[in-house]
Novice: 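Following this message is one structure expressed as C-alpha cells.
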Amino acid sequence: MSTPDVSVIVIVFNDAERLPRAVQSVLDQTLHGVEAVIVDDCSTDGSFEVAQRLAAQHPGRVRAFQLPENSKGCGEPRNRGIAEALGTYVMYLDSDDELELNACRNMVEAAERTGAELVSGLSTQIYIDTRNQREQPWYRWLYQRHQVLDDVAELPDLFVFDTLSTNMCYRRDFLLDNKLTFVKGLLYEDLLYSAQAYLAADRIALIPNQVYKWYMRQNVAKADKSITNRRDEIRNFSDRIEIHRRIDALLEEKGKTGLRRAKDLKFLKHDIPLYLREFPQHGPKWQHQFAELSREYLATIPYDVFDECQPVHRVCAYLLIKEDWANLLPAIDWLRNPRKTPMPLVERDGRIYFCAEHLDDEIGRRMLDVTEVGFQARSLSESMPRTQLLSWVPQDGNSVKVTARTVNPLGLIPAGAKLSGRLEVKARRKGLQTFTFPVTSFTHQGDYVEWESTLDISRTVRPLGLVDTIWDVWLNLEVDKKKTRPPLSVDQLDLDGDFAARPRLTRLLADRLEPEVSRPGHLAFQLTAVGPAASKGRGLLFDLMSSPAGAPLKRSAKRVLKAGRDLNAADSKVRWYHRAMTRMPVKKGLVVFESHLGKQYSDSPRAIYEEMRRRGLPIHAVWSYEGKKPPKGFPKPGKDVEVVERWSWPYLYALARAEYWIDNQGYPLALRKRPETTYIQTWHGSALKRMGFDMAEYRMQPRHKQDEYQQALDRFDHFVVRTEHDVDTLVRAYRLPESKVLRVGYPRNDALVAARREEVLTGKRERGPLAKELGIDPARTIVLYAPTFREKAPELVLDPVAFAERFGENTTLLVRSHYMQRLAVPRTLKGKVVDVTDYPDITPLLGLADALVTDYSSVMFDYALLDRPMVFYAYDYEEYAGAARGTYFDLREAAPGPFVETQEQLFDAIEEVREGADAYAEKRRGFAARFGEYDEGRAAAQIVDRFFGPAAGTQQKGEQA
C-alpha cells in the first residue's frame with residue numbers, strides 16, 4: 001500500500017493468545033490507511049510465530065519484527081517500532097489491549113485540523129476479572145471537551161496525571177526531529193517519554209473520545225504481574241525515583257517550576273502511597289532501603305508543597321523521612337482505612353496533631369497538624385478507633401489467646417467508663433454466619449485501652465464450607481452504652497498456627513482455618529485443607545468438583561448458589577420487575593416519593609407530600625430510602641404511608657403498581673415506567689453547571705448508550721421549572737418537549753416565599769423552633785455555609801476554628817456539607833460552628849440563616865427568594881467553569897454578592913454583612929426575578945390541585961355545587 005497514515009506499534013512478550021485480538025483492532029480501524037508494526041521482545045511462547053503468520057495473512061498492512069534478546073521492558077520494542085514505522089503518525093498498542101474502532105480516525109482528524117504534533121484521547125480501563133467487566137475512564141476530566149494547548153503548562157493536570165503513551169498519536173517527524181525514544185533499562189519509561197513529548201510539542205490537542213481499551217486484571221498471581229506492578233521488588237521503587245529525577249532535571253532545564261510543583265504534589269498523593277499501603281508486609285531490609293530512597297528524594301520537595309496534600313499523605317511522608325516506624329504504621333493504617341482514627345492524637349493550643357513526637361520542631365508541627373480532618377468532631381461511634389493486635393498465642397490447636405489495644409482518641413473513653421465487648425468472627429460473604437467471643441478483661445492505659453480475649457475457633461466456628469471461605473474479625477466495643485466496631489489491625493505480628501475446622505457440609509471441603517492478614521491489614525481466617533483430605537491446599541471435594549467427574553455436581557452446586565445470588569441481584573430484580581410486577585394492575589392512589597436518590601426526606605417531593613397530608617387526600621404514600629435504615633426525619637410507617645429501602649423488592653413492587661412517581665433526581669434508569677403511571681419530576685435545582693446532553697461525557701457515549709439515557713429521561717411526564725432559565729438549560733439539555741414543562745415554581749420554595757412575605761409584613765425575622773433545636777441563641781447572627789460537591793476537593797476549605805476565633809462571640813456558622821460529601825466540624829466549637837449536614841431538609845436552614853456562603857450550589861437560586869445577603873466563596877472557579885463541566889453563564893458577572901477566592905476575603909465579606917452593608921440589594925432582587933420567576937409560593941398547591949384534587953368534601957374554585 002502507499003505510505004500509511006498511521007503506524008500502530010504493537011509490542012508483545014509471551015502473549016501469543018491475545019496478540020491477534022490486538023492486531024485485529026488495528027485492522028478494523030475506520031481509518032483505512034493504518035498499518036500494524038508488531039515488535040516481539042524475544043518471546044518464548046511462539047508469539048513471534050503468531051506475528052509472522054498475521055503478517056503473511058495481511059501483506060502490506062502487518063509487519064513483524066523481533067528483538068535479538070529480551071529487553072525486560074516496553075521501551076526497546078517501541079524504539080524498534082519507531083525505526084520501522086512508515087506512517088505519517090505513530091501510535092502504541094500493547095498486545096493485551098485494543099484500540100477503539102474510531103481511534104485513528106479521530107486522532108488524525110484532530111491533528112490535521114489543529115496542526116498538533118501530539119493528540120491525546122481517553123483511555124478506559126476495563127477490569128475483565130470482575131463480574132460485569134467494570135469500566136473506568138482514565139482521568140476523564142481531562143477529556144470533557146476539545147482543547148488545543150500551545151504549552152502543556154496551560155493544563156498541568158495533563159502533564160501530571162496522564163502519563164501513558166498508548167492513548168496518544170504522534171507525528172512521526174516530531175518524534176524523529178526531537179530524538180524522542182524510550183529510556184533503556186528503567187521501568188516507568190512511559191512517565192519520562194510522555195514528559196519529554198509534552199514539553200517538546202508546540203501544539204497539543206485533546207479530544208473527548210475514547211481511543212484506547214486498557215484491559216486490567218485485579219486478581220493476578222505474583223508471578224503473572226506486570227513488572228511495574230511488582231512493588232515488592234525494591235528496584236521497582238528505585239526506578240520510579242530515577243525517572244522522577246530525570247523529569248525534574250528536564251523541567252528545570254525548561255524553566256517549568258509550576259509543572260514541577262504539580263508533579264511533586266502528585267508524587268506525594270499517589271506514588272508514595274502506592275508503596276506505603278504494602279509497607280507493613282515487607283521485611284526490615286526492604287523498609288530501610290525504601291526509607292533511604294524516599295528520604296533523599298523527598299528532601300528535594302519544598303515543604304510548602306506538603307501543605308497542599310491531604311493530612312494523611314503529609315503525615316506519612318514526614319514519618320517516613322524520620323524513619324519513625326512506631327508512628328508510621330498507624331499512619332499507614334489510616335491511609336489504607338480512611339474512616340479510622342489511627343492514634344490517640346494530641347491537642348495543643350486548639351490544634352490537633354497526629355502524635356506527640358516531633359512537635360518541638362516547627363516543621364514537625366506543620367507536617368503533623370491534622371486539625372482539618374475533624375477527628376475532634378467525631379463521636380465514639382463515628383471514630384472507628386484503631387485496634388492493634390499485640391500478641392497471638394495459640395492454646396491447644398483449637399483456640400488462640402489474643403491481646404490487643406484500642407486507641408482512645410482525644411480521651412473519648414473516660415478512665416472510669418463502663419467497658420464491655422466481644423469479638424465477632426463473621427463470614428465475609430454478606431448474610432452468612434457470625435460467631436462471637438467475650439472480651440475477658442480491660443485495662444485503661446490513658447491513650448489506649450488494652451484487652452484480652454480467647455477465640456475458641458475450632459469448637460465454635462462452624463463454616464458451611466463451600467461459600468464462606470473468608471472470615472473477618474471485628475471488635476464490638478461498648479463504652480457507657482456508646483458503641484464502636486473496629487477491625488483488628490495486624491501490622492507485623494506473626495500469626496502462627498492454624499485451627500481445626502468442621503464445615504457443616506463435609507470435611508472433604510476443608511479441615512483447617514488459617515489466620516491471615518487481609519488486604520487492608522486486618523485479621524482474618526481462610527478456610528483451607530492441610531490434613532489427609534488436602535490436595536493443593538484445598539479439600540478433595542473441591543478438586544473433585546473441578547475434575548470432569550465432578551462436573552455435574554459442580555453445575556448443580558453452582559445453580560443452587562447462583563439462584564440465591566440472582567434472586568437479589570440487580571439484573572434479576574429488573575427482569576422480574578418488567579416480566580411480572582408491571583403486569584399487575586395499577587393501584588389507584590399509590591404514590592411513590594423519593595428525594596436525592598433516597599438519601600433524604602426533603603425538597604419538593606416532601607412539600608408535595610405534606611400538602612397532600614394537609615388536605616387529607618386518600619392516597620397511599622411510599623417513601624424510599626438509601627441504606628440499611630431510613631435516615632433522620634423520614635415519616636413513621638403507618639396505614640397510609642410506607643418507608644421502603646431503595647432497590648428492595650417492596651420498592652420495586654411499589655414502583656410497578658404506582659399511579660404516580662414523584663421525585664427530584666431520577667428513579668433507577670433500568671426501570672421502565674408503565675404508561676398508566678404519571679411521573680412528576682420536580683428536579684433538585686436550577687442549573688449553573690452544564691447538565692444532560694450538554695455534558696461532553698454523555699455526547700462521548702456510543703449511540704446505544706445515549707439512546708438508553710434518553711429513554712430514561714423520556715419517562716418524565718411532567719418536569720417542574722421555576723424560571724425560563726430552566727427551560728433554556730435543563731429542559732433543552734434533557735431533550736424534553738414543551739408539553740411536559742410545568743411552570744409552577746419549586747414546591748420546596750413555597751416556605752421561603754412565605755417567610756419573605758411575613759418578614760416584609762411584620763418587619764421581624766422569626767427564628768422559630770429550629771434555632772432552639774440546634775442550640776443557637778436567636779440573638780446571634782447566623783451564617784450558612786453550603787458548598788457544592790467536588791470530586792477533587794474532599795476537605796473543608798473554610799477553617800471553622802479560624803471562623804470561630806474571628807466571629808465566635810456573636811455569630812454562628814452552620815456547615816451544610818453536600819449530601820454526597822461529608823465534612824467534619826470540631827465538637828469544641830459548640831454554639832459557634834454547628835454541623836447541620838445531617839439535618840434532613842435544607843429549606844428550614846435557609847429560612848434560619850441571615851446570610852449564605854456558597855460557591856456554585858443551586859441553593860443560591862433558592863436563597864435569593866429571601867432577599868438576604870450572599871457571599872460566593874469561589875476559590876476554584878476557573879477549574880470548575882473551564883476544565884470541569886462548564887457553566888451556562890459566568891457566575892463571576894451574575895453573582896448577587898461578593899465573589900471571593902481566599903478565606904481572608906471571605907471573612908472580610910462576612911464582616912461587612914454583619915455590619916449591615918448591602919451593596920448588592922438591587923442585583924440580588926434582579927437575580928431572584930431572573931431565576932425564580934414562577935416561585936410565587938403556591939407550587940405545591942398547584943401541583944396537588946392539578947393531579948390530586950382538593951381536600952375531601954371541598955370544591956375547586958369555580959365549580960358548581
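The basis for the numbers below is simple: all heavy atoms, side chains too, and nothing from hydrogens, waters or symmetry mates.
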Novice: In terms of side-chain heavy atoms, does Gln711 have a donor or acceptor partner in Asp707 at a distance below 3.5 Å?
Specialist: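 Result is no, nothing qualifies.
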Novice: Is the terminal nitrogen or CZ of Arg240 (NZ for Lys, CZ for Arg) located under 6.0 angstrom from the six-membered ring centre of Tyr188 and within 45° of that ring's axis?
Specialist: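 Yes - Arg240 lies over the ring of Tyr188, closer than 6.0 Å to its centre and within 45° of its axis.
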Novice: So, are Lys269 and Glu308 salt-bridged, with charged N and O less than 4.0 Å apart?
Specialist: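 Not counted as a salt bridge, because no side-chain N and carboxylate O are separated by less than 4.0 Å.
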Novice: Could you grab the distance from atom CG of Asp40 to atom CG of Leu19, nearest 0.5 Å is fine?
Specialist: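 One gets 8.5 Å once the value is rounded to the nearest 0.5 Å.
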Novice: Answer yes or no: are there more than 12 heavy-atom neighbours, outside Glu112 itself, under 6.0 Å from its atom CD?
Specialist: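 More than 12 heavy atoms, drawn from other residues, nucleotides or ligands, come within 6.0 Å of this atom.
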Novice: Could you walk me through whether Asp151 and Lys256 pass the salt bridge (charged side-chain N to carboxylate O under 4.0 Å, His left out) check?
Specialist: CA-CA 11 Å; Asp151 188 330; Lys256 301 292 187 181; 2.6 Å; yes
Novice: State yes or no: are the ring centers of Tyr297 and Phe237 separated by less than 6.0 Å?
Specialist: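 Judged by ring-centre distance (under 6.0 Å), Tyr297 and Phe237 do not meet the cut-off.
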Novice: Could you tell me how the ring of Phe719 sits relative to the ring of Trp683: parallel (under 30°), tilted (30 to 60°) or perpendicular (over 60°)?
Specialist: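 Plane angle between 30° and 60°, so tilted.
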Novice: Restricting to non-hydrogen atoms, name the atom on Cys104 and the atom on Val8 that form the minimum distance, rounded to 0.1 Å.
Specialist: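 Closest approach of Cys104 to Val8: SG-CG2, 4.2 Å.
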Novice: List the steps, then state whether ring-ring contact (aromatic ring centres under 6.0 Å, His included) holds for Phe161 with His270.
Specialist: CA-CA 10 Å; Phe161 290 103; His270 176 266; 8.1 Å; no
Novice: Flag the pair Glu84 and Arg80 as a salt bridge only when some basic side-chain nitrogen lies within less than 4.0 angstrom of an acidic carboxylate oxygen.
Specialist: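 Yes.
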Novice: Report yes or no: is the cationic atom of Arg260 (NZ for Lys, CZ for Arg) closer than 6.0 Å to the six-membered ring centre of Phe159, at no more than 45° off its axis?
Specialist: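 No, cation not above the ring by the 6.0 Å, 45° rule.
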Novice: Is a side-chain donor-acceptor pair under 3.5 Å present for Ser120 with Tyr143?
Specialist: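 Yes, a side-chain donor-acceptor pair sits under 3.5 Å.
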Novice: For Phe306, is the NZ or CZ atom of Arg314 found under 6.0 angstrom from the centre of its six-membered ring and inside 45 degrees of the ring axis?
Specialist: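 Because its charged atom misses either the 6.0 Å distance or the 45° angle limit, Arg314 does not stack over Phe306.
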Novice: Got a salt bridge between Arg78 and Asp190, using NZ or NE/NH1/NH2 to carboxylate O under 4.0 Å?
Specialist: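 So Arg78 pairs with Asp190 through a salt bridge.
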Novice: Where is the tightest heavy-atom contact between Ile9 and Gly81, given as atom of each residue plus distance?
Specialist: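 What the structure gives for the nearest pair is CD1-C, 3.3 Å.
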Novice: Please evaluate residues Asp94 and Tyr215 with respect to the criterion side chain to side chain donor-acceptor pair (under 3.5 Å), reporting the C-alpha separation (whole Å), side-chain torsions for both, the decisive distance (0.1 Å), and the verdict.
Specialist: CA-CA 10 Å; Asp94 293 344; Tyr215 291 107; over 6 Å; no
Novice: For the residue pair Asp157 / Tyr139, report whether a side-chain donor-acceptor contact shorter than 3.5 Å exists.
Specialist: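 Looking only at side-chain atoms, Asp157 and Tyr139 do not form any donor-acceptor pair under 3.5 Å.
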Novice: Side chains of Asp41 and Ser71 only: does a donor on one sit below 3.5 Å from an acceptor on the other?
Specialist: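 Yes, because at least one side-chain N or O of Asp41 sits under 3.5 Å from a partner of the opposite role on Ser71.
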Novice: Side chains of Val6 and Val90: closer than 4.5 Å at any heavy-atom pair?
Specialist: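 Contact flag for Val6/Val90 side chains = no.
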Novice: Quiz question: by atom type and distance under 3.5 Å, do the side chains of Tyr888 and Asp728 form a donor-acceptor pair?
Specialist: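 Per modelled atom types, Tyr888 and Asp728 side chains form no pair under 3.5 Å.
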Novice: Please test Arg203 against Leu149 for side chain to side chain contact (heavy atoms under 4.5 Å, CB included), starting from the C-alpha separation and ending with a verdict.
Specialist: CA-CA 6 Å; Arg203 178 162 290 188; Leu149 310 175; over 6 Å; no
Novice: Are the side chains of Asp202 and Asp150 in touch, meaning some heavy atoms are under 4.5 Å apart?
Specialist: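 A side-chain contact is absent here, since even the closest heavy-atom pair is not under 4.5 Å.
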Novice: Which distance, rounded to the nearest 0.5 Å, do you find between the CG of Asp97 and the CE of Met216?
Specialist: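 Between atom CG of Asp97 and atom CE of Met216 there are 9.0 Å.
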Novice: Between Phe861 and Phe931, what is the ring plane arrangement, given parallel below 30°, perpendicular above 60°, and tilted in between?
Specialist: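 Ring orientation of Phe861 relative to Phe931: tilted.
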Novice: Looking only at the side chains, is there a donor atom on one of Tyr785 and Asp855 sitting less than 3.5 Å from an acceptor on the other?
Specialist: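 Side-chain D/A pair, Tyr785 to Asp855: absent.
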Novice: Using every non-hydrogen atom in the two residues, find where Ala894 and Arg930 come nearest and quote the distance to one decimal.
Specialist: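 Nearest pair, atom of Ala894 first, then Arg930: CB-NH1, 4.3 Å.
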Novice: So how far is it from Asn79 CG to Cys74 SG, rounded to the nearest 0.5 Å?
Specialist: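 Going from the CG atom of Asn79 to the SG atom of Cys74 covers 11.0 Å.
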Novice: Testing the basics here: between Val900 and Ala909, what is the closest heavy-atom pair and its distance to 0.1 Å?
Specialist: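 Shortest heavy-atom separation between Val900 and Ala909 comes out as CG1-CB, 4.4 Å.
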Novice: Do Glu135 and Thr124 have side-chain atoms, one donor and one acceptor, less than 3.5 Å apart?
Specialist: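 No, no side-chain donor-acceptor contact under 3.5 Å.
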Novice: Quick one about His244 and Asp271 (side-chain donor to acceptor, distance below 3.5 Å, no hydrogens or angles considered), yes or no?
Specialist: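 Note: Asp271 and His244 side chains meet the donor-acceptor criterion.
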Novice: Less than 4.0 Å between a side-chain N and a carboxylate O, is that true for Lys213 and Glu100?
Specialist: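 So Glu100 does not pair with Lys213 through a salt bridge.
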Novice: Has Lys184 got more than 12 heavy atoms of other residues, nucleotides or ligands less than 6.0 Å from its NZ?
Specialist: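 Incorrect, the count does not exceed 12.
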Novice: What distance separates Glu242 CD from Leu186 CG, expressed to the nearest 0.5 Å?
Specialist: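 So the gap between those two atoms works out to 6.0 Å.
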Novice: Would you confirm whether the ring centroid of Trp214 sits within less than 6.0 angstrom of the ring centroid of Tyr127?
Specialist: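 No - the distance between ring centres of Tyr127 and Trp214 does not fall below the 6.0 Å cut-off.
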Novice: Do Arg735's NZ or CZ and the ring of Phe693 fall within the cation-pi criteria of under 6.0 Å and 45°?
Specialist: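 The answer is yes; both the distance and angle limits are met.
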Novice: Quick check: do Leu191 and Ile247 have side-chain heavy atoms less than 4.5 Å from each other?
Specialist: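 SC-SC contact between Leu191 and Ile247 confirmed.
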Novice: For Asp694 and Tyr734, does a side-chain donor sit closer than 3.5 Å to a side-chain acceptor?
Specialist: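 The criterion, which ignores hydrogens and geometry beyond distance, is not satisfied for Tyr734 and Asp694.
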Novice: Check each of Val183, Ile243, Asp239 against Glu189 using the side chain to side chain contact (heavy atoms under 4.5 Å, CB included) test, and report the only one that passes.
Specialist: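 Single side chain to side chain contact (heavy atoms under 4.5 Å, CB included) partner of Glu189 among Val183, Ile243, Asp239: Val183.
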Novice: Closer than 4.0 angstrom, basic N to acidic O: yes or no for Glu109 and Arg113?
Specialist: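 Salt bridge absent between Glu109 and Arg113.
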Novice: Check the pair Thr30, Asn102 against side chain to side chain donor-acceptor pair (under 3.5 Å), reporting the backbone distance first and the verdict last.
Specialist: CA-CA 6 Å; Thr30 54; Asn102 300 294; 2.9 Å; yes
Novice: Flag the pair Asp15 and Arg18 as a salt bridge only when some basic side-chain nitrogen lies within less than 4.0 angstrom of an acidic carboxylate oxygen.
Specialist: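 Yes, Asp15 and Arg18 are salt-bridged.
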Novice: Provide the closest heavy-atom pair for Tyr89 versus Cys169 in the form atom of the first, atom of the second, distance.
Specialist: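 So the minimum-distance heavy-atom pair works out to CB-SG, 3.6 Å.
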Novice: Are any of the side-chain nitrogens in Arg21 or Asp96 under 4.0 Å away from the carboxylate oxygens of its partner?
Specialist: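 Between Asp96 and Arg21 there is no salt bridge, as every charged N stays at least 4.0 Å from the carboxylate O atoms.
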Novice: Could you walk me through whether Tyr877 and Phe899 pass the ring-ring contact (aromatic ring centres under 6.0 Å, His included) check?
Specialist: CA-CA 10 Å; Tyr877 184 68; Phe899 197 86; 5.3 Å; yes
Novice: Taking atom types as modelled, find out whether Trp138 and Asp162 have a side-chain donor-acceptor pair closer than 3.5 angstrom.
Specialist: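 Note: Trp138 and Asp162 side chains meet the donor-acceptor criterion.
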Novice: Taking the six-membered ring where the residue is Trp, are the ring centres of Tyr170 and Tyr92 under 6.0 Å apart?
Specialist: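 Yes: the rings meet the under 6.0 Å criterion.
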Novice: For a quick test of reading the model, state the closest non-hydrogen atom pair linking Glu901 to Ala874 and the distance between them.
Specialist: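 Here Glu901 and Ala874 meet closest at CG-O, 3.6 Å.
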